[in-house]
Amino acid sequence: MEMMQPNMEYSRAAEAVLSVVIPAYQEGGHIRSSIGVIEAVLTEHEIPYEFIVVDDGSKDNTWAELKILTDTNPKVTAVRLSRNFGKESALCAGLTYAAGDMILVMDADLQHPPELIPEMVKAWREEGIDVVDCIKNSRGKENPFYHACAKLFYRLLLKTADIDLENASDFKLMDRKVVEAWKQLPERTTFFRGMASWVGFERKQLRFDVAKRVNGRTKWSAYRLLRLAVNAITSFTSVPLHCITILGILMFIGTTVIGIQTLYMKFSGRALNGFTTVILLQLFIGSAIMVSLGIIGIYLTKIYQEVKGRPRYLITKCIKGGEKK
Ligand code: UDP
Ligand code: MG
């Protein structure tokens, strides 16, 4: 595999271009105004920029709005995926189009405050930071059950894969070389936050308060969140598979103890009143086997998907701003 030159340095001068990558799904109502707000911040701080907006197969007027935008704004590139592939895939598509010296990833709904961008760019320019991670100050108002699930998920990832994603967000500024390294990772099912942490490099954290969504509503249903969590865990750790082995060993120890007891009862002529044990054991073994098979199944599906080697996304249209189509 072709790797980047480790010492390849890009100019970190004031004229370095910032590529802003924005995935957008059903954001037609506010996408143009959101970009306007971000653009105002960039112009005010004299940061050269380009926008890559990826329409993740929206069914509303997002693409029409993006078309209007590219007609009038030469700095916007609009890419449309052939269907809704999900945010992770949309991000991948956006990153391959980004041509700047530094690349910023943010949401279309202004939940990631644009006022933070100048500070991120400053860290990249002046402190030689390669990745600026923006950490959520609090998760905002949330259902307590979701909150508990999220906590469990982060704890599991930290303990088993040594990846700390608590309060991490997809609001990141990355140096070109980090994105190049990220693009070399071959997996088909991606988990951006995890992979962006896995690559390493000089990092810095900034904190921000999650703003309220400007318009529309979140697209993350409980099911989609669960799918993302399972995907993240199976991508970064095989500890659940080892748990099965440990469970097996514990079961074996238990079986030996109960086996001896059963034999003792039989030989001392006191057998027959052991039905409770039998039933409990049956239930326990049954469920343990089911869970174990399930975990193996999840990893197997993952291998199956990777082996198929399908592309992460398909693009139907791409309009570079200024070019008439
Ligand atoms: N998004 C996407 N594809 C999807 C779902 C979401 O590209 O299938 C984008 C969405 O347009 C937004 C970002 O991902 O720019 C975050 O989505 P959302 O605001 O719904 O999530 P939340 O902020 O609630 O986590
Ligand atoms: Mg949002």
Side-chain angles (χ1 to χ4, degrees), residues 19-39 51-66 69 76-98 103-114 116-117 133-143 145-147 149-150 153-154 165-172 189-196 208-229 231-232 312-318:
S19 299
V20 184
V21 173
I22 303 178
Y25 178 57
Q26 318 278 61
E27 310 273 15
H30 54 264
I31 185 73
R32 277 205 287 157
S33 61
S34 293
I35 289 179
V37 172
I38 302 168
E39 215 169 6
F51 279 96
I52 319 284
V53 189
V54 183
D55 174 4
D56 186 13
S58 306
K59 288 167 201 75
D60 66 351
N61 59 340
T62 305
W63 183 247
E65 291 286 308
L66 287 177
L69 200 62
V76 177
T77 299
V79 179
R80 181 162 164 85
L81 303 189
S82 61
R83 63 169 169 86
N84 180 232
F85 277 90
K87 182 181 181 184
E88 297 291 323
S89 302
L91 272 178
C92 289
L95 289 177
T96 50
Y97 277 89
I103 290 124
L104 174 75
V105 172
M106 67 188 294
D107 283 1
D109 54 9
L110 293 184
Q111 281 192 299
H112 297 153
L116 212 59
I117 301 174
D133 293 302
C134 291
I135 308 290
K136 295 176 208 150
N137 261 337
S138 74
R139 299 180 52 91
K141 263 204 211 98
E142 222 177 21
N143 172 329
F145 175 70
Y146 267 26
H147 191 79
C149 285
F153 165 67
Y154 292 126
L165 292 185
E166 180 124 42
N167 291 341
S169 70
D170 286 340
F171 187 23
K172 281 184 203 307
T189 331
T190 57
F191 178 53
F192 178 70
R193 257 173 267 178
M195 283 158 72
F208 76 102
D209 286 311
V210 182
K212 260 182 61 194
R213 203 167 215 296
V214 281
N215 194 353
R217 51 186 304 232
T218 177
K219 280 106 203 168
W220 294 95
S221 60
Y223 171 68
R224 280 188 116 169
L225 276 176
L226 183 69
R227 221 171 52 176
L228 185 74
N231 173 24
R312 292 169 178 173
Y313 52 82
L314 294 172
I315 290 172
T316 61
K317 289 174 198 134
C318 171

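Read the numbers this way: they start at 1 and go in the same order the structure lists the ligands and their atoms. When reading the values below, keep in mind they use all heavy atoms of this one structure, side chains included, and skip hydrogens, waters and symmetry mates. Quantities reported herein were computed from a predicted structural model and do not represent experimental measurements.
Looking at atom 15 (O) of ligand 1, its nearest protein heavy atom turns out to be Pro23 O, 2.7 Å. Shortest contact from atom 14 (O) of ligand 1 to any protein heavy atom: Lys87 CD, 3.2 Å. Here the protein heavy atom with the shortest distance to atom 10 (C) of ligand 1 is Glu27 OE2, 3.1 Å. With respect to atom 4 (C) of ligand 1, the closest heavy atom belonging to the protein is Asp56 OD2, 3.4 Å. Of the protein's non-hydrogen atoms, the one nearest atom 17 (O) of ligand 1 is Trp220 NE1, 3.7 Å. With respect to atom 1 (N) of ligand 1, the closest heavy atom belonging to the protein is Tyr25 CB, 3.8 Å. Protein heavy atom closest to atom 24 (O) of ligand 1, with residue, atom name and distance, is Thr218 OG1, 2.6 Å. Scanning the protein heavy atoms around atom 20 (O) of ligand 1, the nearest turns out to be Lys219 N, 2.9 Å.
Note: Thr62 OG1 to Glu27 CD = 6.5 Å, rounded to the nearest 0.5 Å. Interatomic distance, Ile52 CD1 to Leu91 CG, rounded to the nearest 0.5 Å: 12.5 Å. Interatomic distance, CH2 of Trp63 versus CG of Leu81, reported as 9.5 Å (0.5 Å rounding).
Note: Phe171 and Phe208 have perpendicular aromatic rings, judged against thresholds of 30 and 60 degrees for the angle between ring planes.
The only member of Asp109, Asp107, Asp56 that meets salt bridge (Lys or Arg N to Asp or Glu O under 4.0 Å) when paired with Lys87 is Asp107.
Residue contacts with ligand 1 for Gln111 involve side-chain atoms from C-beta outward but no N, CA, C or O (heavy atoms, distance under 4.0 Å). At a 4.0 Å heavy-atom cut-off, ligand 1 touches Asn84 through the side chain alone.
Around the Mg ion (ligand 2), the two atoms OE1 of Gln111 and OD2 of Asp109 are separated by an angle of 100°, to 10 degrees.
The closest donor-acceptor contact from the side chain of Ser34 to the backbone of Leu110 lies at 3.5 Å or more, if one exists at all. Of the possible donor and acceptor atoms, one in the side chain of Gln26 sits under 3.5 Å from a partner among the backbone N and O of Asp60.
Near Ala108, meaning under 4.0 Å from any of its heavy atoms, are these atoms of ligand 1: 15 (O). Close approach of ligand 1 to Asp109 is summarised as follows: ligand atoms under 4.0 Å from at least one heavy atom of the residue are 19 (O), 23 (O). Distances below 4.0 Å separate heavy atoms of Asp107 from the following atoms of ligand 1: 13 (C), 15 (O), 16 (C), 23 (O). Atoms of ligand 1 lying under 4.0 Å from at least one heavy atom of Arg224, given by number and element, are 8 (O).
Scanning all heavy atoms of the two residues, the minimum distance from Asn61 to Gly28 falls at OD1-CA, 3.2 Å. Among all heavy-atom pairs drawn from Arg312 and Ser89, the shortest one is O-OG, 3.2 Å.
The residues Lys317 and Asp55 are annotated as not salt-bridged, no charged nitrogen and carboxylate oxygen being separated by less than 4.0 angstrom.
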